[in-house]
Amino acid sequence: MIDINNGIIKTVASLASKKRRDEEGLFVAEGAKCVRDTWGSFKCRWLIATRAWYDQCGNSSHIDKIVFASRQQMSRISQFSNPSDVIAVYEKPVPRVSRERVEAGLNIVLDNVQDPGNLGTIMRLADWYGLRDVFASRATVDVFNHKVVQATMGAIARVQVHYCDLQQLFDDYPGMPVVGTFLDGDNIYSSQLPQRAFVVFGNEGQGITPKVAQRVSQRLLIPSWPHSGLGSESLNVGVAAAVTISEFRREALKGK
């Protein structure tokens with residue numbers, strides 16, 4: 001057990017920047033629930049907390065990592081407007097791809113998704129539906145962004161995000177169907193859906209990029225209701241992902 005010092009404060013505060021997260025190989029999980037959901041899943045560098053939090057919630061697994069800070073010091077390192085009483089600083093894991101797992105089932109692919117909340121939501125639904133791998137273009141928001149970590153509600157401990165060139169990804173798995181959602185696709189509710197595939201979701205404003213769209217072998221539409229075309233222009237990408245993956249799972253159950 002130690003008290004926080006200026007070096008730790010400076011390092012943790014700098015992790016708001018992706019560049020610094022990459023350089024330090026660290027990321028933060030902030031808040032009692034976020035720490036509880038991720039504790040034990042990542043190697044911890046420091047568990048920074050007020051003495052009041054530790055007296056109430058601390059346990060033997062925290063002893064070697066605990067760093068005590070005042071409320072004022074917590075506000076200096078917090079990445080939220082309302083600082084919490086506990087922040088875990090974890091070492092970034094190195095994601096590993098299991099080719100066998102990828103080829104055996106569904107895999108979400110994100111094409112330039114920018115909003116941290118959307119990525120967190122998609123990881124959470126992947127966790128719910130038993131998908132362990134999400135592949136993302138390098139322009140997709142960083143999974144270790146503090147807002148993403150918070151939005152995953154612990155799913156970051158179980159779902160891996162692999163940043164890669166999507167064209168190369170599809171080349172590496174030539175036998176895998178590539179499915180995408182479009183406004184001019186076939187009705188998802190009347191389409192036959194593969195049980196192993198890459199399922200692509202695009203940018204919030206631009207959708208799936210033209211180069212990736214060219215690789216899509218099955219174009220799907222989530223139809224609006226009624227079919228008059230009146231109403232919202234499109235679905236939020238997190239919502240579209242939830243509807244799509246749910247329908248894939250429903251089809252899988254129907255086929256058993």
Can a side-chain donor-acceptor contact be found between [Y] and [X] if the only test is distance below 3.5 angstrom?
| X | Y | result |
| --- | --- | --- |
| Asn203 | Asp111 | no |
| Asp186 | Ser191 | no |
| Arg215 | Gln167 | yes |
| Asn112 | Ser137 | yes |

Run the numbers on Ile188 and Leu193 for side chain to side chain contact (heavy atoms under 4.5 Å, CB included), then give the verdict.
CA-CA 8 Å; Ile188 190 172; Leu193 304 177; 4.3 Å; yes
Take Val35 and Leu47 through the test side chain to side chain contact (heavy atoms under 4.5 Å, CB included) and record every step on the way to the result.
CA-CA 9 Å; Val35 171; Leu47 182 66; 3.9 Å; yes
Do side-chain atoms of [X] reach the backbone of [Y] as a donor and acceptor pair under 3.5 angstrom?
| X | Y | result |
| --- | --- | --- |
| Arg21 | Leu15 | yes |
| Arg158 | Asp127 | no |
| Thr152 | Val149 | yes |
| Asn107 | Gly105 | yes |
| Glu30 | Gln79 | yes |
| Gln56 | Trp53 | no |
| Arg249 | Tyr129 | yes |
| Thr181 | Leu221 | no |
| Thr11 | Ile8 | no |
| Glu204 | Asp115 | yes |

Look at the side-chain heavy atoms of Ile, Leu, Val, Met, Phe, Trp and Tyr, link any pair under 4.5 Å apart, and say whether [X] and [Y] land in one connected group.
| X | Y | answer |
| --- | --- | --- |
| Val159 | Tyr90 | yes |
| Leu26 | Met74 | yes |
| Trp128 | Ile108 | yes |

4.5 Å side-chain heavy-atom contact, [X] and [Y]:
| X | Y | result |
| --- | --- | --- |
| Val102 | Tyr173 | yes |
| Pro194 | Gln218 | yes |
| Gln160 | Val134 | no |
| Val28 | Phe144 | no |

Flag yes if more than 12 heavy atoms outside [X] fall under 6.0 Å of its [atom1] atom; otherwise flag no.
| X | atom1 | result |
| --- | --- | --- |
| Glu103 | CD | yes |
| Asn82 | CG | no |
| Arg96 | CZ | no |
| Arg76 | CZ | no |
| Asn59 | CG | yes |
| Lys147 | NZ | no |

Could you check whether the rings of Phe42 and Phe27 sit parallel, tilted or perpendicular, using 30° and 60° as the cut-offs?
perpendicular
Electrostatic pair Arg51:Asp55 at N-O distance under 4.0 angstrom
no
Shortest non-hydrogen contact from Gly238 to Ile122?
CA-CG1, 4.1 Å
What closest approach, in Å, do Thr38 and Ala29 show between heavy atoms, and which atom pair accounts for it?
OG1-CB, 3.9 Å
Between [atom1] on residue [X] and [atom2] on residue [Y], distance to nearest 0.5 Å:
| X | Y | atom1 | atom2 | answer |
| --- | --- | --- | --- | --- |
| Gln73 | Ser78 | CD | OG | 13.5 Å |
| Ile48 | Ile77 | CD1 | CD1 | 4.0 Å |
| Phe201 | Ile208 | CZ | CD1 | 8.5 Å |
| Met123 | Met153 | CE | CE | 13.0 Å |
| Leu110 | His162 | CG | NE2 | 11.5 Å |

Test side chain to side chain contact (heavy atoms under 4.5 Å, CB included) on Val216 and Val179 and set out the steps.
CA-CA 6 Å; Val216 172; Val179 179; 5.7 Å; no
Please assess Ile66 against Tyr54 for the test side chain to side chain contact (heavy atoms under 4.5 Å, CB included), listing each intermediate value before the final yes or no.
CA-CA 9 Å; Ile66 194 72; Tyr54 185 76; 3.8 Å; yes
Test side chain to side chain contact (heavy atoms under 4.5 Å, CB included) applied to Val67 and Val89, Ile87, Ile4, the passing residue
Ile4
Pair Phe80 + His146: ring centers closer than 6.0 Å:
yes
May I ask you to check whether Phe135 and Tyr163 place their ring centres under 6.0 Å from each other?
no
With Asp22 as partner, the option from Arg20, Lys18, Lys19 fulfilling side-chain hydrogen bond (donor to acceptor under 3.5 Å, both in side chains) is Lys18
Between Gln168 and Asp172, does the side chain to side chain donor-acceptor pair (under 3.5 Å) criterion hold? Intermediate values first, please.
CA-CA 6 Å; Gln168 186 62 54; Asp172 289 343; 2.8 Å; yes
